[in-house]
Colleague: 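Here you go, one structure.
As the structure is a computational prediction, the values presented were derived from the model and not from experiment. Letters A, B, ... are given to chains in the order of the sequence lines, protein chains preceding strands, and every chain is numbered from 1.
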Amino acid sequence: MDLLVDLQARGLVHDTTDIAALGARLAQGPIGLYIGFDPTADSLHVGHLVGQLFMRRFQLAGHRPFPLAGGATGMIGDPGGRSEERNLLDVETLRHNVGCIKAQLTKLLDFEPGPYQATLVNNADWTASITMLEFLRDVGKHFTVNQMTAKDSVRSRIESEHGISYTEFSYMLLQANDFRHLYEAHGVELQAGASDQWGNIVAGTELIRRRLGKQAFAMTHPLMLKSDGSKFGKSAGGSVWLDPARTSPYQFRQFWVQCDDQMIGTYTKMLSLRPVVEIEALLVQHEAAPEQRAAQRALADELTALVHGTKAAEHAAQAAAVLFGGDPTTASADVLAVVAGEAPSVDLPANIEGLRVHELLLAAGIAKSASEVNRLLGQSAVRAGNRVLDADGLLRASDLLSGGFLLLRKGKREFLVGKVSTTG
RNA sequence: GGGUCGGUGCCCGAGUGGCCAAAGGGAGUUGACUGUAAAUCAACCGGCACAGCCUACGUAGGUUCGAAUCCUGCCCGGCCCA
């Protein structure tokens with residue numbers, strides 16, 4: 001299927017420069033494309049997946065992706081989408097972040113040598129050595145302040161009460177120069193990004209046209225939003241990260257399983273690598289029985305496997321089965337160990353017969369006081385395995401599950417895993 | 001500086017000597033219902049060795065058998081006057 005048609009069917013095309021020319025160029029053969037990711041944190045989050053998978057789609061269609069870690073642009077800070085100036089990150093943090101992000105950028109793309117090989121680049125490599133005078137003559141000269149202040153990202157900041165520093169004002173020029181550099185060094189003809197990057201991206205196509213007299217292309221995809229219009233990628237605990245140390249594979253998968261019905265179609269089309277026809281069939285099935293969450297599960301499994309590997313994805317799915325509705329007493333020790341990784345845990349004495357549950361829940365921070373535990377017990381809200389504890393909250397030896405695990409549950413959602421400590 | 005009104009639990013807000021761990025609402029927790037949703041309904045919602053006790057109504061004292069409630073000093077906020 002034609003790549004552009006496919007992207008449009010997925011709702012991934014927000015804006016492009018000269019789409020007819022781009023279509024013609026893609027038809028001629030492989031193209032290089034790049035998307036930049038600034039190292040504002042030491043991990044990317046789910047919002048970045050659209051861009052990463054955007055490149056993957058191009059790669060699968062035979063093109064060469066150039067994921068870019070913004071070692072240089074990260075030092076400046078993109079003024080877009082903000083009302084205030086960013087705090088500058090120190091060099092050490094930045095270096096650390098770039099390292100982490102680079103590792104994540106290599107996960108979803110194919111770096112095996114070959115015609116479609118992905119190439120990881122860092123704009124610090126060609127930006128750090130440019131002198132101020134060179135930059136002003138070679139880049140700055142090609143832009144008028146009039147054009148620059150006309151861009152949305154800059155104009156909204158000029159109109160805001162905080163204004164915009166000269167530093168962030170310059171961001172656009174750095175990004176434009178990146179595109180120019182990649183065009184010359186690697187034949188990268190297309191820069192993509194989220195729709196809020198449009199101004200910065202076309203600054204690059206303009207620079208290439210003025211300085212090199214060549215045509216380059218810009219293409220943006222829509223920003224992913226939640227059904228209420230708020231920013232995508234936040235869950236109760238904060239951002240959903242790609243780094244398993246920050247967001248476990250289980251939590252990552254749960255984030256997708258719990259997606260809004262209203263948005264799941266949009267998300268699946270934008271993110272899944274499955275063919276659009278297949279996705280549409282899935283969505284028909286989902287609408288017939290939304291309670292099955294077939295679409296959510298499919299997307300959750302696919303993305304978890306992509307980001308964390310198939311093994312981790314399977315474990316996450318099994319852990320979810322235990323935690324939601326499944327019978328924990330029949331779960332294997334292996335699966336319980338995965339569950340244990342997701343819940344707060346406490347050590348248990350060798351014999352738990354007659355042990356009060358109060359201290360365990362308090363130690364894990366699941367209840368704030370013994371009174372609260374008593375209240376919960378009175379409301380039949382505490383279970384060990386699937387046995388509802390009596391008002392006295394005493395455990396029995398038979399509450400232990402395979403592998404010496406104790407699964408305590410407060411209400412439906414909160415869990416505590418106890419493990420009998422073994423000496424040796 | 002003078003006058004005046006006020007400071008109540010996570011938030012808002014009633015209470016003006018005992019019936020006050022303190023109305024009502026919001027938030028939160030749990031249960032029912034459910035799709036690991038929304039809405040709805042119900043219970044709970046300071047602590048503990050829990051038929052009892054302790055701590056708490058800005059803060060420090062006082063009056064009283066008994067104080068969130070009365071008195072005094074202090075701190076903080078609103079308004080009015082200077």
Colleague: Once you apply the 3.5 Å cut-off to both distances, tell me the Watson-Crick or G-U wobble partner of B:U4, or none.
Modeller: B:G78
Colleague: Scan residues 358-372 of chain A against RNA chain B and write down, sorted by residue number, each residue with any heavy atom closer than 4.0 Å; if none is found, say none.
Modeller: A:Ser369, A:Ala370, A:Ser371
Colleague: Sticking with atom P, work out how far B:A27 lies from B:A22, rounded to a whole angstrom.
Modeller: 22 Å
Colleague: Measure from the side-chain heavy atoms of A:Arg297 and tell me the nearest of B:U36, B:C50, B:U29.
Modeller: B:U36
Colleague: Which whole-number value in Å describes the distance from A:Gln262 CD to B:A38 C1'?
Modeller: 12 Å
Colleague: Just checking A:Phe252 against A:His308, ring centres under 6.0 Å apart?
Modeller: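 Between A:His308 and A:Phe252, which both carry aromatic rings, the centre distance is below 6.0 Å.
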Colleague: Starting at atom CD1 of A:Ile264, determine the distance to atom P of B:G35, rounded to an integer number of angstrom.
Modeller: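 From A:Ile264 CD1 to B:G35 P: 18 Å.
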Colleague: Taking atom C1' of B:A38 as reference, at what distance in whole Å does atom CD of A:Gln258 sit?
Modeller: 14 Å
Colleague: Take atom P in B:G25 and the same atom in B:A42, then report the distance between them in whole Å.
Modeller: 11 Å
Colleague: Can you tell me which nucleotide in B:U29, B:U36, B:G31 comes closest to the side chain of A:Leu376?
Modeller: B:U29
Colleague: Dump the pairs, protein N or O against N or O of nucleotides 41-43 of chain B, anything under 3.5 Å, distances to one decimal.
Modeller:
| unit_1 | atom_1 | unit_2 | atom_2 | d |
| --- | --- | --- | --- | --- |
| B:A43 | N3 | A:Gln379 | OE1 | 3.4 |

Colleague: If you measure from the P atom in B:U72 to the same atom in B:G77, how many Å do you get, rounded?
Modeller: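 These two P atoms come out 22 Å apart once rounded.
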Colleague: Would you measure the distance from the C1' atom in B:G15 across to the matching atom in B:U69 and give it in whole Å?
Modeller: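 The answer is 8 Å between these two C1' atoms.
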Colleague: Report the base-pairing partner of B:C48 (Watson-Crick or G-U wobble, both distances below 3.5 angstrom), or none.
Modeller: B:G52
Colleague: Could you please name the option among B:U36, B:U29, B:A32 that lies closest to any side-chain atom of A:Lys410?
Modeller: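 Looking only at heavy atoms from C-beta outward on A:Lys410, the closest nucleotide is B:U29.
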Colleague: Using the side chain to side chain contact (heavy atoms under 4.5 Å, CB included) criterion, which residues pair with A:Thr40? Sequence neighbours excluded.
Modeller: A:Asp38, A:Arg86
Colleague: For residues 335-350 of chain A, which side-chain N or O atoms pair as donor and acceptor with protein atoms under 3.5 Å away, sequence neighbours left out?
Modeller:
| unit_1 | atom_1 | unit_2 | atom_2 | d |
| --- | --- | --- | --- | --- |
| A:Glu342 | OE1 | A:Ser248 | OG | 2.8 |
| A:Glu342 | OE2 | A:Ser248 | OG | 3.0 |

Colleague: In residues 369-382 of chain A, what donor-acceptor pairs under 3.5 Å come from side-chain atoms, sequence neighbours left out?
Modeller:
| unit_1 | atom_1 | unit_2 | atom_2 | d |
| --- | --- | --- | --- | --- |
| A:Ser369 | OG | A:Glu372 | N | 3.2 |
| A:Glu372 | OE1 | A:Lys368 | N | 3.0 |
| A:Asn374 | OD1 | A:His358 | NE2 | 2.9 |

Colleague: Distance between the C1' atoms of B:A56 and B:A21, in whole angstroms?
Modeller: 8 Å
Colleague: Does any nucleotide pair with B:C10 by Watson-Crick or G-U wobble geometry, both distances under 3.5 Å, and what is it?
Modeller: B:G26
Colleague: In chain order, what residues pass the side chain to side chain contact (heavy atoms under 4.5 Å, CB included) check against A:Ile158, with sequence neighbours excluded?
Modeller: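 Applying side chain to side chain contact (heavy atoms under 4.5 Å, CB included) to A:Ile158 gives A:Thr149, A:Val154, A:Ile164.
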Colleague: Take atom NZ of A:Lys412 and atom C1' of B:G31, then tell me their distance rounded to the nearest Å.
Modeller: 8 Å
Colleague: Need the pair for B:U72. Rule: Watson-Crick or G-U wobble, both distances under 3.5 Å, any strand; none if unpaired.
Modeller: B:A60
Colleague: Determine: side-chain N/O of A:Arg375 to OP1/OP2 of B:G47, distance under 4.0 Å, yes or no.
Modeller: yes
Colleague: For A:His186, give me all partners under ring-ring contact (aromatic ring centres under 6.0 Å, His included), at least two apart in sequence or on another chain.
Modeller: A:Phe66
Colleague: Starting at CG of A:Asp392 and ending at C1' of B:C50, how long is that distance when rounded to a whole Å?
Modeller: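 Whole-Å distance recorded here is 15 Å.
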Colleague: Salt bridge (Lys or Arg N to Asp or Glu O under 4.0 Å) with A:Glu353: which residues, sequence neighbours excluded?
Modeller: none
Colleague: B:C44 and B:G24: how far apart are their P atoms, nearest whole angstrom?
Modeller: 11 Å
Colleague: Can you measure A:Leu377 atom CG to B:U29 atom C1' for me and round it to whole angstrom units?
Modeller: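 It works out to 14 Å between those atoms.
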Colleague: B:G46 C1' sits how many Å from A:Asn374 CG, rounded?
Modeller: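 After rounding, the gap between these two atoms is 15 Å.
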Colleague: Find the distance A:Asp261:CG to B:G35:C1' and express it as a whole number of Å.
Modeller: 8 Å
Colleague: Between B:C75 and B:U59, how far is it from one P atom to the other, in whole Å?
Modeller: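 B:C75 and B:U59 have their P atoms separated by 15 Å.
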Colleague: What salt bridge (charged side-chain N to carboxylate O under 4.0 Å, His left out) pairs are there with at least one residue in residues 10-23 of chain A, not counting sequence neighbours?
Modeller: A:Asp6-A:Arg10
Colleague: With both distances kept under 3.5 Å, what pairs with B:G31, Watson-Crick or G-U wobble?
Modeller: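 Paired with B:G31, as far as the under-3.5 Å criterion goes, is B:C41.
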Colleague: If each of A:Cys259 and A:Ser380 is mapped to the nucleotide of RNA chain B with the nearest heavy atom, which maps nearer the 5' terminus, i.e. the 5' end?
Modeller: A:Ser380
Colleague: Do any N or O atoms from the side chain of A:Ser272 and from the backbone of A:Lys269 form a donor-acceptor pair under 3.5 angstrom?
Modeller: no
Colleague: A:Trp198: which residues meet the side chain to side chain donor-acceptor pair (under 3.5 Å) condition with it, sequence neighbours left out?
Modeller: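 For A:Trp198, no residue satisfies side chain to side chain donor-acceptor pair (under 3.5 Å) once neighbours in sequence are set aside.
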Colleague: Answer yes or no: is there a side-chain heavy-atom contact under 4.5 Å between A:Asp110 and A:Gln59?
Modeller: yes
Colleague: Would you say that A:Phe169 contacts A:Val145 through its side chain, given a criterion of any heavy-atom pair below 4.5 Å between the two side chains?
Modeller: yes
Colleague: How would you list, by chain and number, every residue that makes a ring-ring contact (aromatic ring centres under 6.0 Å, His included) with A:Phe54, sequence neighbours excluded?
Modeller: A:Phe58, A:His221
Colleague: Can you check whether A:Leu12 reaches A:Val50 side chain to side chain, under 4.5 Å on heavy atoms?
Modeller: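 They are in contact (side-chain heavy atoms under 4.5 Å apart), so the answer is yes.
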Colleague: Rounding to the closest angstrom, what is the interatomic distance between B:G31 and B:U16 at atom C1'?
Modeller: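 So the two C1' atoms sit 39 Å from each other.
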Colleague: Is there any protein nitrogen or oxygen under 3.5 Å from a nitrogen or oxygen in nucleotides 54-56 of chain B, and what are the pairs?
Modeller:
none

Colleague: Taking the nucleotide of RNA chain B with the nearest heavy atom to each, does A:Gln292 or A:Glu414 sit closer to the 5' end?
Modeller: A:Glu414
